[in-house]
Protein chains: 2
Amino acid sequence: MVHARTPEAESLLTPAEVATMFRVDPKTVTRWAKAGKLTSIRTLGGHRRYRETEVRALLGGVPLQRSGQ
Amino acid sequence: MVHARTPEAESLLTPAEVATMFRVDPKTVTRWAKAGKLTSIRTLGGHRRYRETEVRALLGGVPLQRSGQ
DNA sequence: TCCTACTTGGGTAATTTGGGCG
DNA sequence: ATTGTCCAAATTACCCAAGTAG
């Protein structure tokens, strides 16, 4: 792949990852999304993905600076 | 208005790029294409390419923060 | 303590997704 | 890197019980 083209994709998190970060059950994260408390992006299969920036902000307002992983 | 005669076809994305944008496995993107949920263009070698415009639209179109869903 | 409203987690079944292999 | 297939893990949606807060 010679393209130096990175389709500006904001990093997304899976339900399990968000659940781990908040120390709750993945099901609870789903409820937050349904309640509109958390923005969710859907895969074409209906699964949810969450914006990392939003989650981090809710977790403590620590901005993401893109340093490795 | 930009160039009115740019020979480059509309930008196409590789399976890996689409997968990254949706935070799914490339294999999953292939499933979407086979299921007809995503338009796929075939290279002469049989690999798939996807329309960037379509992918972006499916990802939420407007990157503006949406409150509630 | 009791009561009420809200939040969370367990259970189930169906679907979607990811890992391993060729 | 992509394709294809099989199988396990994750996610979804639902209802219901347990926990939390005032």
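Here the structure is a predicted model, which means the values were calculated and not measured. Order of the sequence lines sets the chain letters (A, B, ...), proteins ahead of strands, with each chain counted from 1.
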* Asked: With sugar-phosphate meaning primed atoms plus P, OP1 and OP2, does B:Arg31 contact a base, only sugar-phosphate, or nothing at under 4.0 Å between heavy atoms?
  -> base
Rounded to whole Å, how long is the line connecting atom [atom1] of [X] with atom [atom2] of [N]?
X	N	atom1	atom2	answer
A:His47	D:dA9	NE2	C1'	11 Å
B:Leu12	D:dT2	CG	P	13 Å
A:Tyr50	D:dA10	OH	C1'	12 Å
B:Asp25	D:dT2	CG	P	11 Å
A:Arg23	C:dG9	CZ	C1'	14 Å

Establish, with yes or no, whether the OP1 or OP2 oxygen of [N] is under 4.0 angstrom from a side-chain nitrogen or oxygen of [X].
X	N	value
A:Lys34	C:dT7	no
B:Thr14	D:dT2	yes
B:Trp32	C:dT16	no
A:Lys37	C:dT7	yes
A:Thr30	D:dT11	no
B:Arg48	D:dT2	no

* Structure fact -> Interatomic distance, CG@A:Leu44 vs CG@B:Leu58, rounded to 0.5 Å, equals 5.5 Å
* Asked: Hey, would you say the B:Trp32 and B:Tyr50 ring centroids sit under 6.0 Å apart?
  -> no
* Watson-Crick or G-U wobble partner of C:dC21, both distances under 3.5 Å -> D:dG4
* Nucleotide of D:dT2, C:dT8, D:dT12 approaching A:Thr28 most closely (side-chain heavy atoms) -> C:dT8
* Asked: In a check of side-chain hydrogen bond (donor to acceptor under 3.5 Å, both in side chains) between B:Thr39 and each of B:Arg49, B:Glu54, B:Arg48, B:Arg51, which one passes?
  -> B:Glu54
* Let me know, please, whether A:Glu17 or B:Lys27 comes out on the 5' side of the other along DNA chain D by nearest nucleotide. => B:Lys27
